[in-house]
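What follows is a short report on a single structure.
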Amino acid sequence: MLQGLRTIVYKVPDLEKARAWYSKIFGILPYFDEPFYVGFNVGGYELGLDPDKSRKVIVGNNSTTYWSVTDLRATMDLLKTQEVTIEGDVQNVGGGILVATITDPFGNSIGLIENPEFKMPS
(Lines give C-alpha, C1' and ligand atoms only; values in the text may rest on other atoms or scores of the structure.)
Protein backbone atom coordinates (compact mmCIF):
# COMPACT_ATOMS: atom_id res chain seq x y z
CA MET A 1 0.00 0.00 0.00
CA LEU A 2 1.11 3.53 -0.64
CA GLN A 3 1.94 5.25 2.62
CA GLY A 4 2.62 8.79 1.46
CA LEU A 5 5.31 10.92 -0.05
CA ARG A 6 8.81 10.38 1.29
CA THR A 7 11.62 11.24 -1.14
CA ILE A 8 12.25 13.25 -4.27
CA VAL A 9 15.47 12.74 -6.21
CA TYR A 10 16.95 15.43 -8.44
CA LYS A 11 19.48 14.44 -11.06
CA VAL A 12 22.48 16.78 -10.98
CA PRO A 13 25.48 16.90 -13.32
CA ASP A 14 27.82 18.31 -10.62
CA LEU A 15 27.26 16.67 -7.24
CA GLU A 16 29.76 18.86 -5.37
CA LYS A 17 28.17 22.08 -6.61
CA ALA A 18 24.64 20.77 -6.01
CA ARG A 19 25.51 19.64 -2.45
CA ALA A 20 26.86 23.11 -1.66
CA TRP A 21 23.92 24.90 -3.30
CA TYR A 22 21.23 22.87 -1.53
CA SER A 23 23.09 23.05 1.80
CA LYS A 24 23.02 26.83 1.47
CA ILE A 25 19.36 27.00 0.36
CA PHE A 26 18.09 24.70 3.14
CA GLY A 27 20.60 25.82 5.76
CA ILE A 28 21.52 22.21 6.61
CA LEU A 29 24.13 19.62 5.75
CA PRO A 30 23.19 16.29 4.15
CA TYR A 31 22.61 13.34 6.47
CA PHE A 32 23.86 10.94 3.77
CA ASP A 33 26.84 11.98 1.69
CA GLU A 34 28.44 9.55 -0.76
CA PRO A 35 29.91 9.98 -4.26
CA PHE A 36 26.86 8.20 -5.74
CA TYR A 37 24.08 9.97 -3.76
CA VAL A 38 23.57 12.84 -1.32
CA GLY A 39 20.48 12.92 0.91
CA PHE A 40 19.02 15.80 2.92
CA ASN A 41 16.35 15.45 5.61
CA VAL A 42 14.10 18.44 4.98
CA GLY A 43 11.21 18.61 7.42
CA GLY A 44 10.92 14.83 7.59
CA TYR A 45 11.14 14.33 3.83
CA GLU A 46 14.18 13.43 1.79
CA LEU A 47 15.72 15.38 -1.02
CA GLY A 48 18.17 13.15 -2.85
CA LEU A 49 20.83 14.31 -5.29
CA ASP A 50 21.83 11.77 -7.94
CA PRO A 51 24.96 12.52 -9.99
CA ASP A 52 23.48 10.85 -13.08
CA LYS A 53 25.76 11.51 -16.02
CA SER A 54 23.39 10.06 -18.63
CA ARG A 55 21.00 13.06 -18.54
CA LYS A 56 18.32 10.85 -20.11
CA VAL A 57 14.97 12.55 -20.41
CA ILE A 58 12.08 10.44 -19.17
CA VAL A 59 9.07 10.84 -21.43
CA GLY A 60 5.95 11.54 -19.40
CA ASN A 61 7.79 13.03 -16.42
CA ASN A 62 5.44 15.98 -16.19
CA SER A 63 4.95 16.22 -12.43
CA THR A 64 6.03 19.04 -10.15
CA THR A 65 6.91 18.57 -6.50
CA TYR A 66 6.02 21.56 -4.32
CA TRP A 67 8.15 22.49 -1.31
CA SER A 68 6.27 24.25 1.47
CA VAL A 69 7.35 27.76 2.46
CA THR A 70 5.91 30.16 5.04
CA ASP A 71 6.37 33.33 2.95
CA LEU A 72 6.51 32.66 -0.78
CA ARG A 73 7.26 36.22 -1.86
CA ALA A 74 10.20 36.52 0.55
CA THR A 75 11.46 33.10 -0.55
CA MET A 76 11.28 34.14 -4.20
CA ASP A 77 13.21 37.34 -3.44
CA LEU A 78 15.95 35.26 -1.81
CA LEU A 79 16.04 32.66 -4.58
CA LYS A 80 16.42 35.35 -7.26
CA THR A 81 19.94 35.84 -5.87
CA GLN A 82 20.78 32.12 -5.97
CA GLU A 83 21.29 31.21 -9.66
CA VAL A 84 17.73 30.02 -10.26
CA THR A 85 15.45 30.67 -13.21
CA ILE A 86 12.08 32.06 -12.17
CA GLU A 87 9.44 30.32 -14.29
CA GLY A 88 6.66 32.82 -13.58
CA ASP A 89 5.21 35.23 -11.10
CA VAL A 90 3.72 34.09 -7.80
CA GLN A 91 0.16 32.91 -8.49
CA ASN A 92 -2.79 32.91 -6.12
CA VAL A 93 -4.63 29.67 -6.88
CA GLY A 94 -7.47 30.34 -4.42
CA GLY A 95 -8.05 29.97 -0.72
CA GLY A 96 -4.99 32.08 0.07
CA ILE A 97 -2.72 29.47 -1.51
CA LEU A 98 0.24 30.87 -3.43
CA VAL A 99 2.44 28.89 -5.82
CA ALA A 100 5.49 29.50 -7.99
CA THR A 101 7.98 27.41 -9.93
CA ILE A 102 11.72 27.83 -10.34
CA THR A 103 14.44 25.89 -12.10
CA ASP A 104 17.54 25.19 -10.03
CA PRO A 105 21.05 25.70 -11.46
CA PHE A 106 21.07 22.01 -12.45
CA GLY A 107 17.91 22.04 -14.60
CA ASN A 108 15.42 20.64 -12.06
CA SER A 109 11.93 22.15 -11.87
CA ILE A 110 10.96 22.98 -8.28
CA GLY A 111 7.52 24.04 -7.12
CA LEU A 112 7.06 26.26 -4.08
CA ILE A 113 3.80 26.59 -2.18
CA GLU A 114 2.52 28.78 0.64
CA ASN A 115 -0.64 27.18 1.95
CA PRO A 116 -2.22 28.65 5.10
CA GLU A 117 -4.02 25.34 5.74
CA PHE A 118 -0.76 23.42 6.16
CA LYS A 119 1.47 24.65 8.94
CA MET A 120 4.84 23.05 9.63
CA PRO A 121 5.01 21.37 13.04
CA SER A 122 6.93 23.34 15.67
task = Answer yes or no: is there a side-chain heavy-atom contact under 4.5 Å between Ile102 and Thr85?
result = no

task = Mind checking the CZ-CG spacing from Arg19 to Asp14? Nearest 0.5 Å is all I need.
result = 9.5 Å

query = Of all heavy-atom pairs between Tyr10 and Asn108, which one has the smallest distance, and what is that distance?
reply = CB-ND2, 3.4 Å

message = Any non-hydrogen side-chain atom of Val84 less than 4.5 Å from a side-chain atom of Lys80?
response = no

key: Member of Val90, Leu98, Leu79 meeting the side chain to side chain contact (heavy atoms under 4.5 Å, CB included) criterion with Leu112   = Leu79

query = Ignoring hydrogens and geometry, is there a side-chain-to-backbone donor-acceptor pair from Trp21 to Gln82 under 3.5 Å?
reply = yes

ask   = Can the ring centroids of Trp67 and Phe26 be said to lie less than 6.0 angstrom from one another?
value = yes

ask   = Is the shortest heavy-atom distance from the side chain of Leu49 to the side chain of Val9 under 4.5 Å?
value = no

query = Quick one: are Thr101 and Ser109 in side-chain contact, heavy atoms under 4.5 Å?
reply = yes

request  = Not counting sequence neighbours, list each pair that qualifies as a salt bridge (charged side-chain N to carboxylate O under 4.0 Å, His left out) and has a residue in residues 85-106.
outcome  = none

task = To the nearest 0.5 angstrom, please state how far the CD1 atom of Ile97 sits from the CD1 atom of Ile113.
result = 5.5 Å

ask   = To the nearest 0.5 Å, how far apart are CZ in Arg73 and CG in Leu78?
value = 16.0 Å

query = Salt bridge or not for Lys17 and Glu83, using N-O below 4.0 Å?
reply = yes

request  = Measure across Leu72 and Glu114 and return the closest heavy-atom pair with its distance rounded to 0.1 Å.
outcome  = N-OE1, 2.7 Å

inquiry  = Are Ile8 and Ile28 linked, directly or through intermediate hydrophobic residues, by side-chain heavy-atom contacts shorter than 4.5 Å (ILVMFWY only)?
reply    = yes

ask   = Are Ile86 and Val69 co-members of a hydrophobic cluster defined by side-chain heavy atoms under 4.5 Å apart?
value = yes

inquiry  = Restricting to non-hydrogen atoms, name the atom on Pro116 and the atom on Gly95 that form the minimum distance, rounded to 0.1 Å.
reply    = CG-O, 3.8 Å

task = Can you see which heavy atom on Leu47 is nearest to which on Tyr22, and at what distance?
result = CD2-CD2, 3.5 Å

For a quick test of your reading: what N or O donor-acceptor pairs under 3.5 Å do the side chains of residues 34-41 make, sequence neighbours left out?
from  : atom 1 : to    : atom 2 : distance (Å)
Tyr37 : OH     : Glu46 : OE2    : 2.5
Asn41 : OD1    : Gly44 : N      : 3.0

request  = Would you check if Ser23 and Pro30 make a side-chain contact, meaning some heavy-atom pair closer than 4.5 Å?
outcome  = yes

